[in-house]
Amino acid sequence: MLAQLALENTTYRFDKPFTYSVPQALETAVRPGVRVTVPFGAGNRTRVAMVLSTSYESGAGQKLKAIASVLDKEPLLDDEMLALIPWMKSRCFCTLYDAVKVMIPAGIGYKLVNRYRMNAAFKNYDREAFTDTAWQIIVALTAAKNGLTGAELTERLGIEEKSSDLLSLLENGTVIRENAASRNAADATTRMVCAVPDFSGKLTPKQQSAFDTLCAIGTVTVRELSYYTGVSVGIIRTLADKGAAEIFEVERFRRPKQEMADIRLPQTLSAEQMNVAKDILRECDAAEPMVGLLYGVTGSGKTAVFLHVIRHVLTVGKGVIVTVPEISLTPQTLAVFTAAFGDTVAVFHSGLSVGERMDEWKRVRTGRAKIVVGTRSAVFAPVQNLGLIVMDEEQESTYKSESTPRYHARDIAKFRVNYNRAYCLLCSATPSVESYYMAQSGKYRYHALHHRYGDAVVPTVQLVDMNNEDLYRGKPMISMALARAVSENIRAGRQSILLLNRRGYHTYAVCKDCKTVAACPNCSISMTYHAANNRLMCHYCGHSEPAYVRCKACGGELTFSGGGTQKAEDQLREAFPEARILRVDTDTTANKYALEKKLNAFANGEYDIMIGTQMVAKGLDFENVTLVGVLSADQSLYSDDYRSNERTFDLLTQVVGRAGRGRYRGMALIQTHVPENPYLHLAAAQDYESFFETEIRFRRAMLYPPFADLLQIGFVGEKEDTVRAAAEHFSALLAETFRRDYPNLPLRLLRASAASVSRMGGKYRYKIIMKYKNSKAFRDAIASLLGVFSSDKRFLSVTAYADPNPDAIL
DNA sequence: AGCACGCCGACT
DNA sequence: GTCGGCGTGCTC
């Protein structure tokens, strides 16, 4: 019997299924989906691997090694997930095991630990024959009857596993190294720790390893991280002191049951909702896999519709996955589902401890839970007999993973829906241009809710021209109009939400007279001004030109704008000293519980104004909010990304939709320096269809998605020259390879250029962007080029990765 | 990424 | 004549 395996810790270059023979004694235990340990490489070091498939050929003729042990009693992955593994490798340019990792809960992981013990045959206790350190090791290991792990050696004697003394003892057979898989314990305490991802200071190797693990798992309890990484709690505290991590106290996550009381489920469906729900149900019942797009204006009650659909799918005995963007996975959201479906709901999110995650995963795998609610990675939930995947706010960028494996949850959902002949329902008030295009061209089923639920009316929206408007008491970021509206609202006892835009680092050039923004002649993307070299640069194609001061269209004077969001907040506080102001953003709310508390306080009327970044724009539902103000729409509009129009429209539509969800009519004010911009008017009018028509023309003309696929090749390294050289070399390699070997593949190669945040955490980043048509031939070509590149000795210090349809072009 | 194989310099 | 430097290539 033979087994094909995905090995852990391979690099992309030599990753592929490896074939091992299965010893007779393990033949019943080795099944697809279980993990095993195998000897690998010249040194036969033990590695964990996932069994992808088994076969009954004699391995004669091949020099195969044998599987050493089996780690799981039951398969962790079923045929569907096993089929998804190579699919992801080919599309996401990751290793097979990278795909495995994202499918199984972190806590179920084994890690391999080295254990050292004395050779039983060792007799030569001659102090003189050894160095001091070697002698220390001998003494310690002789005393410990079960030997010591590498971490224990380091802890007790300060001896690193790589120390030459230890290595020579191993070499001459005095000390024996064993390699065993040890299960990660999952016992929870209440002190949680999470990483500060963009931390860039110096860390010791131990701190670094703890930090890396932390970045990979998200949030864990302090004790678990300590166990997981073999690092003491003290080191984790140091990590927090250095600002690389945050430790916070958390009431243990309660299953949402307890909060059911104050949840009002959407009551009866309106006629419109009912019709849409019925149509979707009919499609769900078809035996064909399908994707549906549910478009519904803000406040139209999409949730009520998909709850209805879910209920139906459950009654026919099928399982359901509901994904929500990170920002809207609040206990409130969860409570809605628990209230509706009780114990059959399992929750997947980063606030769970490793143990809880594993428990929830098992509940799903065994079929005890039939619905999964969670963020991006919940699309991998081992739901049995999957019938429906609902993606709420499908346009959200959090559905795209920006670290390996770089998958988009929507693509995974489509794979699963095809495999299971199930239904995928994408929901949004502002669908992604790609999805809406698919719906228009008949590839997705289209469903629309045009009316707000109940009596609620779409708010009135007013654009405030910051060029002409009087400013409030000399505060350059607050117009008279906004100040007046806020004060009146406070006086009327109502609440306001103000949106600050955070992307301050991006500076663009805009003409004072005609309001034209300096854009790239090749890409029609606004260029970023770099003070360092006084040039305007396009981060798509690398085009760059000296910064000019006169507008190319009308000769007017250019101003350079952007930034200043901190100032905006200060001005607000000065402008409304009497108001009770709540600030909500990712910095001030490190964890979901703090956020929840704040939102509850706001809902209870303890504040007049809530100010915040994107977070305040999405998904919140407060009856008493009747005014929404956007301090400046401009940064988002002119961010250097082909999706900036879409993002702006989405953001503004969503935030405007926060106003007037209760009995009172809502109102929104959007401040801008470019009131002529068509996208602002479309957002103000909440006119998605017209927005789409405008945007799709731009996408078609410029060959952006959905008319082409984008692939980014990123390069990261310590030395800027080398990184740039690597990017340029790869770029040349690409051009040459495609000209020679694939002359028929459509491809537009844009020049290598520095990333817009070219220096992050002391590393330099460059990237190449390609517009192409996705195909197996193309992906294979890229994969082989990545292989060629990574074996180039000149660029050993540079890591290259491919990112399909990157969210932001950073 | 490891690890061995292999082919050149400075040591007993 | 041997120990050991790290360049090159493979990993079932």
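Each chain gets a letter, A, B and so on, in the order its sequence line appears, and its residues count up from 1.
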Parallel, tilted or perpendicular: which fits the ring planes of A:Phe789 and A:Phe795, with parallel below 30° and perpendicular above 60°?
parallel
Legend entry - Any donor-acceptor N or O pair under 3.5 Å, side chains A:Ser790, A:Arg13: yes
A:Asn9 atom CG is separated from B:dC3 atom C1', nearest whole Å, by 15 Å
Of the candidates B:dA4, C:dT11, C:dC12, the side chain of A:Lys63 sits closest to C:dT11
Side-chain contact check for A:Arg45: nearest option of C:dC12, C:dT11, B:dC3 is B:dC3
To the nearest angstrom, the CZ-P distance between A:Arg47 and B:dC3 comes to 9 Å
Give the intermediate values and the outcome of salt bridge (Lys or Arg N to Asp or Glu O under 4.0 Å) for residues A:Asp803 and A:Lys400.
CA-CA 10 Å; A:Asp803 189 357; A:Lys400 173 65 174 33; 2.6 Å; yes
Here the distance between atom P of C:dT8 and atom CG of A:Asp792, to the nearest Å, is 11 Å
- request: Just do the side-chain hydrogen bond (donor to acceptor under 3.5 Å, both in side chains) check on A:Tyr116 and A:Glu152 with the steps written out, would you?
  value: CA-CA 10 Å; A:Tyr116 300 89; A:Glu152 283 167 338; over 6 Å; no
N/O donor-acceptor pair under 3.5 Å between A:Arg35 side chain and A:Leu71 backbone: no
Practice problem: Over 60° means perpendicular and under 30° means parallel, so classify the ring planes of A:Tyr772 and A:Phe778, tilted if in between. | Solution: parallel
In numerical order, the residues of residues 13-22 of chain A whose heavy atoms come under 4.0 Å of DNA chain B are A:Arg13, A:Phe14
Closest to the 5' end of DNA chain B, once A:Leu796 and A:Ala42 are matched to their nearest nucleotides, is A:Leu796
Side-chain contact check for A:Phe40: nearest option of B:dC3, B:dA1, C:dC12 is C:dC12
